[in-house]
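Numbered from 1 within each chain, the chains take letters A, B, ... in sequence-line order.
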Protein chains: 4
Amino acid sequence: MADSAGMRDLGELKERVRAFVAERDWERFHSPKNLAMALSVEAAELLEVFQWMPDADSRNLAPAAREAASQEIADVLLYLVQLCDALGVDPIAAAERKMVANAAKYPVEKARGTSRKSTEL
Amino acid sequence: MADSAGMRDLGELKERVRAFVAERDWERFHSPKNLAMALSVEAAELLEVFQWMPDADSRNLAPAAREAASQEIADVLLYLVQLCDALGVDPIAAAERKMVANAAKYPVEKARGTSRKSTEL
Amino acid sequence: MADSAGMRDLGELKERVRAFVAERDWERFHSPKNLAMALSVEAAELLEVFQWMPDADSRNLAPAAREAASQEIADVLLYLVQLCDALGVDPIAAAERKMVANAAKYPVEKARGTSRKSTEL
Amino acid sequence: MADSAGMRDLGELKERVRAFVAERDWERFHSPKNLAMALSVEAAELLEVFQWMPDADSRNLAPAAREAASQEIADVLLYLVQLCDALGVDPIAAAERKMVANAAKYPVEKARGTSRKSTEL
């Protein structure tokens with residue numbers, strides 16, 4: 001990997017990760033199925049940071065825990081970007097469409113202040 | 001949520017999600033601990049798309065499975081963005097730092113063509 | 001599946017699940033890799049029951065949530081039993097060995113009342 | 001923990017784990033919510049064993065990978081037993097009921113040889 005300073009967006013990150021993987025000849029391992037597994041494993045490592053923590057403490061994280069969370073967030077994002085690249089999915093556009101769907105499923109007047117599922121509103 | 005067309009980056013997505021959550025008064029539920037749980041649940045729903053699928057099929061996904069994956073990717077990203085917002089973590093910068101660390105852990109000459117962990121290289 | 005009343009232990013459950021899978025010709029899908037994925041997906045569905053719930057509420061679960069948790073616990077156990085069967089692992093013996101190891105890693109006098117990891121004790 | 005040799009079933013395991021936790025005064029951390037998180041984290045560690053592995057290799061696991069899987073299986077079971085204890089759920093009975101429900105959802109004649117979901121049969 002050459003100079004990695006100053007990445008600005010997901011598109012640039014995608015290019016960097018693609019080069020990183022190609023240099024190591026890892027495409028053979030990185031099927032979408034395996035990438036989804038890896039993403040799930042990293043999400044669990046992120047979860048582990050908060051495992052025994054009182055909920056209130058998680059809102060005011062100690063620096064070491066915040067740094068640990070930050071590293072696991074990075075791992076999740078790196079696999080997410082690769083999976084999107086492999087499937088030809090634009091993550092920002094997908095999130096945008098999902099937000100539109102969520103707004104219809106959770107109208108403000110019904111969803112305000114409750115954590116109920118849309119099917120129970 | 002007002003007009004959602006044309007989101008271009010994670011920063012914009014963060015603003016939109018923040019407004020969406022605030023309108024519904026959901027901040028009380030969205031502690032970093034709970035967000036990490038939600039992210040992990042969505043990562044598993046993404047995994048479920050590939051659950052019984054032969055690895056090769058995942059590289060050539062049927063349209064319905066690709067759309068399902070795309071929606072779960074969106075959910076993962078939406079919670080990731082919220083978690084980053086809550087923790088004050090810049091996800092692109094975190095991923096960039098992680099790639100630098102990964103490049104040191106997995107030097108090309110040792111890591112090429114193997115899926116071994118860095119501790120076993 | 002014939003009469004399923006009165007199962008008493010994991011050994012019997014293993015036999016029943018094995019027959020259930022064989023009748024449906026599902027062994028081809030049930031590789032250990034896929035079983036581990038399925039188990040992880042079910043564990044996340046169990047997690048989802050508790051997702052937005054205050055910690056205290058989870059200690060005093062409403063009947064519907066308890067029933068939902070019970071069903072996901074069943075799914076986790078069913079895949080765990082199949083995975084053990086496929087790998088030739090005795091889950092009770094494995095748990096027993098792990099408890100011995102955990103007792104050494106977390107001696108009572110050091111571990112009492114703290115959720116710190118063994119490496120931080 | 002006193003002598004742990006010869007555990008024979010989940011009931012005995014439950015008693016042992018309960019004593020282990022009580023000795024360390026860990027009940028305060030072991031809410032059902034936190035136990036479900038811990039179980040999910042361990043399920044992901046189990047998944048990690050198979051992460052980059054070709055499906056066929058997982059059916060013929062190398063001894064080191066089998067031992068690693070066995071230890072993670074133990075962790076999953078230990079948290080599952082604690083969660084059942086906390087919720088008053090009998091895991092064998094829950095699995096038995098789930099198998100009856102699964103037999104109805106996946107009748108042999110329709111489910112044979114396919115990995116489709118029940119809703120798609």
*Under 4.5 Å from any heavy atom of chain A - which part of B/N60*: neither

*So what's closer than 4.5 Å to chain A heavy atoms on B/A86: side chain, backbone, both or neither?*
neither

_Region of A/E27 in contact with chain B, defined by heavy-atom distances below 4.5 Å_ = backbone

*Identify the two heavy atoms, one from A/V49 and one from A/A68, that lie closest to each other, and give their separation to 0.1 Å.*
CG2-CB, 4.1 Å

_Heavy-atom pair count under 4.5 Å with chain A, highest-scoring of B/A94, B/S115, B/P54_ = B/S115

*Most chain A-contacting option - heavy-atom pairs closer than 4.5 Å, from B/R112, B/M37, B/R59*: B/R59

*B/M99 versus A/M7: any side-chain heavy-atom pair under 4.5 Å?*
yes

*Greatest number of heavy atom pairs closer than 4.5 Å to chain A - which of B/G113, B/S40, B/A101, B/A36*: B/G113

_Counting only non-hydrogen atoms closer than 4.5 Å, does A/L47 touch chain B with its backbone (N, CA, C, O), its side chain (CB onward), both, or neither?_
both

*Top residue by heavy-atom pair count (under 4.5 Å) with chain A, among B/N102, B/V81, B/D90, B/L35?*
B/N102

*Shortest non-hydrogen contact between B/R66 and A/G88, atoms and distance*: NH2-O, 2.6 Å

*What part of B/I73 lies closer than 4.5 angstrom to a heavy atom of chain A: side chain, backbone, both or neither?*
both

*asked:* Under a 4.5 Å cutoff for heavy-atom pairs, which residue among A/L46, A/T114, A/D25 has the most contacts with chain B?
replied: A/T114

*asked:* What's the separation between atom CZ in A/R18 and atom CD in A/Q82, rounded to the nearest 0.5 Å?
replied: 10.5 Å

_Under 4.5 Å from any heavy atom of chain B, what part of A/R8 do you find: side chain, backbone, both or neither?_
backbone

*Just give me the residue among A/L61, A/D75, A/N34 that pairs up with chain B most often, heavy atom to heavy atom, under 4.5 Å.*
A/D75

*Side chain, backbone, both or neither of A/E67 within contact of chain B (heavy atoms, under 4.5 Å)*: side chain

_Heavy-atom side-chain contact between B/M53 and A/P32 under 4.5 Å_ = no

*asked:* At a 4.5 Å cut-off on heavy atoms, which part of A/V17 comes close to chain B: side chain, backbone, both, or neither?
replied: both

*chain A heavy atoms under 4.5 Å from B/E42: which part of the residue, side chain, backbone, both or neither?*
neither

_Could you check whether B/R24 makes a cation-pi contact with B/F20, meaning its NZ or CZ is under 6.0 Å from the centre of the six-membered ring and within 45° of the ring axis?_
yes

*What closest approach, in Å, do A/W26 and B/A111 show between heavy atoms, and which atom pair accounts for it?*
NE1-O, 3.0 Å

*Could you tell me which portion of B/L77 (side chain, backbone, both or neither) has an atom closer than 4.5 angstrom to a non-hydrogen atom of chain A?*
both

*Check the pair A/V76 / B/V76 against side chain to side chain contact (heavy atoms under 4.5 Å, CB included), numbers first and verdict last.*
CA-CA 9 Å; A/V76 170; B/V76 170; 4.3 Å; yes

*Give the member of A/G11, A/A44, A/S70 that has the highest number of heavy-atom pairs under 4.5 Å with chain B.*
A/S70

_A/F50 versus A/A69, closest heavy-atom pair with distance_ = CZ-CB, 4.3 Å

_A/L87, part contacting chain B, at a heavy-atom distance under 4.5 Å_ = both

*To the nearest 0.5 Å, tell me how far A/I92 CD1 sits from A/L10 CG.*
5.0 Å

*Nearest heavy-atom pair of B/L121 and B/R116: which atoms, and what distance?*
CD2-CB, 4.1 Å

*Considering all heavy atoms of both residues, which atom of B/K33 and which atom of A/D55 are nearest to each other, and what is their separation?*
CB-OD1, 3.7 Å

_As an exercise: rank B/L13, B/L39, B/L80 by heavy-atom pairs under 4.5 Å with chain A and give me the winner._
B/L80

*Among the options A/A74, A/S58, A/A43, pick out the one with the most heavy-atom pairs lying under 4.5 Å from chain B.*
A/S58

*Heavy-atom distances under 4.5 Å only: say whether A/E109 touches chain B with side chain, backbone, both or neither.*
neither

*Sort A/D57 into side chain, backbone, both or neither according to what part of it lies under 4.5 angstrom from a heavy atom of chain B.*
neither

